[in-house]
Amino acid sequence: MTIAAFLLLFALPASGLEISRDALFVRVIDVGNGHAAVISMPGGHYMVYDTGLGETTLQGVQSVIPEGEDIDLMILSHTDGDHIGGVDEILEHYSVKTIIRPGLPRDTDAWCQARTAIRAAEKNGTKVINLAKTAVPAGRTFRYGDTRVVFVSGFSKPPKSWGELTPSEFYNAGSVVVRIVFAGRSILFTGDAVGLKLCKSDPCHGPESIIATEKYMVDNAANVPIASDVLIAPHHGSRGSSSLEFITAVSPKWVIFPAGRSSHDHPHQAAAKRYLALTPIPTILRTDRHDDEGKEEWACGRIEGHRDRKGDDDVDIGVLASGDLTVAYRDDTPPSLPQCITN
């Protein structure tokens, strides 16, 4: 099905996006250096996974969820500011029924602001699942009509069996990972999941290379499946994520890098090459087209000296009740370029 045919089900009035009650729709919002996604599920149910940074996220949420509607579920993968920066603004504009929040304490302005907003929402009736107090077992399923949101991974603190991690890896490794399933299709959201022991050369692979969150998910895949049609790539496509073993287990048809202007070279060329090493080659989209952070960033679509800007590279995912799947940029630009296969 073409994106044009898919969009026949949608209207874009000034007040927000009207979505068919029979289709699943996901918008990966271009928040710049961060991650946020808003989901409309059949039957008038709504979800937000991570909240990026401030106003850009709120605008993206408002483009999908009509004013006056409640958000059924908000999931915050972990406490990095580029994943929770829009919590307070969203909670100012929407009532949220359930929030799953990370449990690892952190003394940052962004997290303190988000936590204050969550506590205020809880006093007003929002159910808050704090992973520091309530462990959510892998495989727990939240059902919204015919849509299932399956909890795959998420810890207050990474298990000791994961070994020694850097401070950054320690906070990222506990990221809440969920798999949305509808009409036989699935989408995997991974936050900043950690998965690769960095080595001197790429590709990094082998039993000693896959670590932490990704190893846990691969080892547990027989009990909690992770194979998915669409993968929101871990940690914005960082070099320390997306191990070959994890990619193989997920076997995505589509990969989305939620990235933006930063000093981290996201998505990293080494990570992109690991996806491109698969057969068949997945179609890869990125929320920072034309960005140039230097030679370590994936070259596909890069324009030398160009600085990525927020809000122009939203990626939309649609699943009809028939199971037809469509993935495309919001502006309907073709999703991939021939040179992306080799770069």
Side-chain angles (χ1 to χ4, degrees), residues 6 9-11 16-29 35-51 57 60-77 86-87 90-91 93-102 118 121-122 124-131 134-154 175-191 224-232 256 315-327:
F6 179 76
L9 295 174
F10 297 81
L17 183 67
E18 287 186 7
I19 299 175
S20 167
R21 295 180 67 86
D22 298 324
L24 174 70
F25 179 80
V26 177
R27 174 159 289 158
V28 181
I29 306 168
H35 178 247
V38 55
I39 300 99
S40 172
M41 297 175 279
H45 298 287
Y46 300 99
M47 171 181 161
V48 170
Y49 179 93
D50 279 346
T51 66
T57 301
V61 170
Q62 290 174 325
S63 75
V64 174
I65 304 179
E67 294 180 7
E69 293 287 345
D70 292 343
I71 297 174
D72 293 270
L73 179 63
M74 175 187 284
I75 296 177
L76 305 175
S77 66
V87 169
I90 293 173
L91 291 178
H93 288 80
Y94 292 94
S95 293
V96 178
K97 295 179 181 178
T98 301
I99 297 174
I100 299 178
R101 52 149 285 187
I118 293 169
E122 187 172 21
N124 289 325
T126 297
K127 179 181 179 181
V128 177
I129 301 175
N130 181 349
L131 294 182
T134 305
V136 178
R140 179 176 174 181
T141 300
F142 300 82
R143 296 181 181 273
Y144 301 98
D146 293 330
T147 305
R148 294 182 290 125
V149 180
V150 182
F151 194 94
V152 176
S153 181
S175 287
V176 174
V177 177
V178 296
R179 182 172 178 259
I180 296 182
V181 182
F182 172 70
R185 299 290 191 173
S186 52
I187 305 166
L188 192 65
F189 296 80
T190 59
V224 183
I226 57 176
S228 299
D229 298 286
V230 184
L231 170 63
I232 316 301
I256 299 170
V315 176
D316 292 343
I317 306 164
V319 181
L320 300 182
S322 63
D324 287 344
L325 170 69
T326 300
V327 182

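Predicted model only: the values in this text are computed from it and were never measured. Hydrogens, waters and symmetry mates play no part in the numbers below; they use all other heavy atoms, side chains included.
When every heavy atom of Thr57 is checked against every heavy atom of Ala36, the shortest pair comes out as CG2-CB, 3.8 Å. Nearest heavy atoms, Val319 versus Ala183: CG1-CB, 4.2 Å. Nearest heavy atoms, Ala135 versus Pro137: O-CD, 3.6 Å. In this structure, Ser63 and Arg27 approach most closely via the heavy-atom pair OG-NH1, 2.8 Å. Here the shortest heavy-atom pairing between Val61 and Ile29 reads N-CD1, 3.9 Å.
In this structure, the ring-ring contact (aromatic ring centres under 6.0 Å, His included) partners of Tyr144, at least two apart in sequence or on a different chain, are His45. For Ser95, there are no side-chain hydrogen bond (donor to acceptor under 3.5 Å, both in side chains) partners at least two apart in sequence or on another chain. In terms of the salt bridge (charged side-chain N to carboxylate O under 4.0 Å, His left out) criterion, residue partners of Lys97 (sequence neighbours excluded) are, by chain and number, Asp72.
Note that the CD1 atom of Ile99 and the CD atom of Glu122 stand 8.5 Å from one another [nearest 0.5 Å]. Taken from CZ in Arg101 to CG in Asn130, the straight-line distance is 3.5 Å, to the nearest 0.5 Å. Here the CG-CD1 distance, from Leu188 to Ile256, works out to 11.5 Å after rounding to the nearest 0.5 Å. Here Ile100 contributes atom CD1 and Ile118 contributes atom CD1; the two are 11.5 Å apart, rounded to the nearest 0.5 Å. Atom CD1 of Ile232 is separated from atom OG of Ser77 by 12.5 Å, given to the nearest 0.5 angstrom. For the atom pair OH of Tyr94 and CD of Glu67, the computed distance is 6.5 Å after rounding to the nearest 0.5 Å.
Of the possible donor and acceptor atoms, none in the side chain of Thr134 sits under 3.5 Å from a partner among the backbone N and O of Ile129. Distance alone, capped at 3.5 Å, places no donor-acceptor pair between the Arg143 side chain and the Arg148 backbone. Remark: the backbone N or O of Ile226 is not paired with any side-chain donor or acceptor of Ser186 at under 3.5 angstrom. In terms of modelled atom types and a separation under 3.5 Å, the side chain of Asp22 and the main chain of Ala321 share no donor-acceptor contact. Of the possible donor and acceptor atoms, none in the side chain of Tyr49 sits under 3.5 Å from a partner among the backbone N and O of Val28. Although no hydrogens or angles enter the test, the distance criterion places no donor-acceptor pair under 3.5 Å between the side chain of Thr147 and the main chain of Gly145. Without hydrogens or angle criteria, Thr98 side chain to Leu73 main chain gives no donor-acceptor distance under 3.5 Å. The main-chain N or O of Phe25 is never found under 3.5 Å from a side-chain atom of Ser40 such that the two would form a donor-acceptor pair. Proximity of a side-chain donor or acceptor of Arg185 to a complementary backbone N or O of Gly323 within less than 3.5 Å is detected.
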Passes side-chain contact (heavy atoms from CB on, under 4.5 Å), Ile90 versus Ile71? Steps please.
CA-CA 10 Å; Ile90 293 173; Ile71 297 174; 3.9 Å; yes

Between Leu325 and Val230, is a side-chain contact (heavy atoms from CB on, under 4.5 Å) present by the stated rule, with each step listed?
CA-CA 10 Å; Leu325 170 69; Val230 184; 4.2 Å; yes

Phe182 vs Asp146, test: side-chain contact (heavy atoms from CB on, under 4.5 Å). Steps then yes/no.
CA-CA 7 Å; Phe182 172 70; Asp146 293 330; 4.0 Å; yes

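The side chain to side chain contact (heavy atoms under 4.5 Å, CB included) with Val150 is formed by just one residue from the set Ile180, Val178, Val224; it is Val224.
Two residues are said to be in side-chain contact when any heavy atoms from C-beta on lie closer than 4.5 Å; Asp229 and Ile317 fail this criterion.
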